[in-house]
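First up is the structure itself, then whatever we jot down about it.
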Amino acid sequence: MSGGFSYSVSELKNLFESVFGGGRELRVFTAPGRVNLIGEHIDYCGGKVFPAALTLSNTVVAAVNGTDRVRLYATDLKEIFEFSLGDIDGAKGLRWGKYQAGVAKELKEAGCRLKGVDMLFHSTLPFGSGLSSSASIELATALTLLSFSENAEEMAGKLDKVRLAVLGQRAENLFCGVNCGIMDQFASAMGKKDNAILLDCATLSYEYVPLELGDYSLVLANTCKKHALGASKYNERRAEVEKGLKMMHEALPEARKAHLCDYTEDEFTAARDHLKSDPVVSARVEHVIRENARVSRAAEVLKSGDLFKFGTILKEANDSIRYLYEVTGDELDAMFEEAGYFDCCLGSRMTGAGFGGCTVNIVLTAETERFCSGLKERYEKRTGITPEFYVCSIGDGVRELT
Ligand code: GLA
């Protein structure tokens, strides 16, 4: 019940020296993945989201290499990928390393005088499982390259962690062609141990909310179904909600709002007749507006310590993302439904972009073993796929390890 195989920092340093050669000062950086508790597919609609950083992460051992090249090695790929700082676009053809190159390009454009760096990556995040391994690579790379740049001190003053998150998102949007919102990069940058982050994606104002779960734990259930259609379906949803915003403007011209999440549930009801002409868009808009309201309710309930109510809201949110937003799929649906057979689980929902990936479950700590083995058996029987489980610890955001 844990993430990928873990090396100690000193083992990673030894590995770095055997891959890239020794004799240089090594620095170590780390950036986490995230779980989103609630507020799904609304970060790009100006909504509120409620993620938390995991202790599952990407760790980078790095040193300057005296060239104009960035050389990358990952402990699971066992191969060096590299690009030149003079031709970062040339990295678009790399099989691995595009997130890093995209970040280098953004840092350069922001004014960083980058140096050639050797970087060894080690991930404990399962790839393609909806836990933001890409955001974690982006933030770890951003802090590494920034820290080694010629004008590091000046740039560190200009690029605080929130700005690094925005820079990571831009890299993913512009260099990698994934039109993601800000949630994942923000959580990877700004995560805080044992806290969730209530983030307003329209303004980037945020509040830490202690995740005090008492006798309960967060358990991630990985469907182990990779999200193959992820990027195209993701961009399709974004187009649908853009149309939804236009239709809300037409329906309520006097109450024109900048973001879909600026509309209240009553306004949605008032606009319903107009939205009827496109039932798919209407369903997407309904999810977005109601999900945004649910996030605020969920955060209040969590602050008051009512975990039972919190669990109920999570289940409600899963129905919405499943039936109105339609981004779950058979495996996530199976994992959600089968979790419903366990009394020790107060609530469950898919987390992340969907079309595969994980559910997040609130489970009585004393029963986590029974929950995971029982759910494994039921899910495996139903889908033929062997799932994985991780009992989550909530950790800090991107940082240098001393
Ligand atoms: C992905 C994206 C995020 C967010 C989620 C869905 O993780 O990177 O920006 O849209 O999907 O909530």
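Counting convention: from 1, in listed order, for ligands and their atoms alike. These numbers come from a predicted model, not from an experiment.
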Exercise for the section: Classify the contact between R237 and ligand 1 as side chain, backbone, both or neither, using a heavy-atom distance cut-off of under 4.0 Å. Expected result: neither
Practice task
Among E138, Q185, E106, find the one that has a side chain to side chain donor-acceptor pair (under 3.5 Å) with R170.
Solution key: E106
Problem - Six-ring centre of F336, R322 cation under 6.0 angstrom, axis tolerance 45° - result: no
Exercise for the section: For G181, take its heavy atoms, then give the atoms of ligand 1 lying under 4.0 Å from any of them. Expected result: 9 (O)
Exercise for the section: Flag R34 as yes when one of its N or O atoms lies below 3.5 Å from any N or O atom of ligand 1, and as no otherwise. Expected result: yes
Exercise for the section: Taking the side chain as every heavy atom from C-beta outward, state whether K315 and D319 have any pair of such atoms under 4.5 Å apart. Expected result: no
Problem - Residue Y44 vicinity, atoms of ligand 1 by number, heavy atom under 4.0 Å - result: 10 (O)
Problem - Atoms in ligand 1 with a heavy atom of C180 nearer than 4.0 Å - result: 2 (C), 8 (O), 9 (O)
Problem - Ring centers of Y44, Y234 separated by less than 6.0 Å - result: yes
Practice task
For atom 7 (O) of ligand 1, find the nearest protein heavy atom and state the residue, atom name and distance (0.1 Å precision).
Solution key: D184 OD2, 2.7 Å
Practice task
With T30 as reference, evaluate T55, T59, N58 under the side chain to side chain donor-acceptor pair (under 3.5 Å) test and give the passing residue.
Solution key: T59
Practice task
Flag N36 as yes when one of its N or O atoms lies below 3.5 Å from any N or O atom of ligand 1, and as no otherwise.
Solution key: no
Practice task
For E40, counting its heavy atoms only, list the atoms of ligand 1 lying under 4.0 Å from any of them.
Solution key: 6 (C), 12 (O)
Practice task
State, yes or no, whether a side-chain contact exists between F175 and I88 at a heavy-atom distance under 4.5 Å.
Solution key: yes
Exercise for the section: Report the nearest protein non-hydrogen atom to atom 10 (O) of ligand 1: residue, atom name, distance rounded to 0.1 Å. Expected result: Y234 OH, 2.6 Å
Handout entry: Residue, atom name and distance, where the atom is the protein heavy atom closest to atom 5 (C) of ligand 1
Key = M183 CE, 3.8 Å
Handout entry: G352 to ligand 1, any heavy atom closer than 4.0 Å
Key = yes
Practice task
Run the ring-centre check on F121 versus W96 and record whether the distance is less than 6.0 Å.
Solution key: yes
Fill in the blank from the handout: Tested for side chain to side chain donor-acceptor pair (under 3.5 Å) against S320, the lone hit among H41, R294, R290, E286 is R294
Practice task
Answer whether the closest heavy-atom distance between the side chains of C201 and V49 falls below 4.5 Å.
Solution key: yes
Problem - Shortest protein contact, atom 3 (C) of ligand 1 (heavy atom only) - result: D43 OD2, 3.3 Å
Exercise for the section: Looking only at distances, please establish whether an N/O atom of ligand 1 is found under 3.5 Å from an N/O atom of S132. Expected result: no
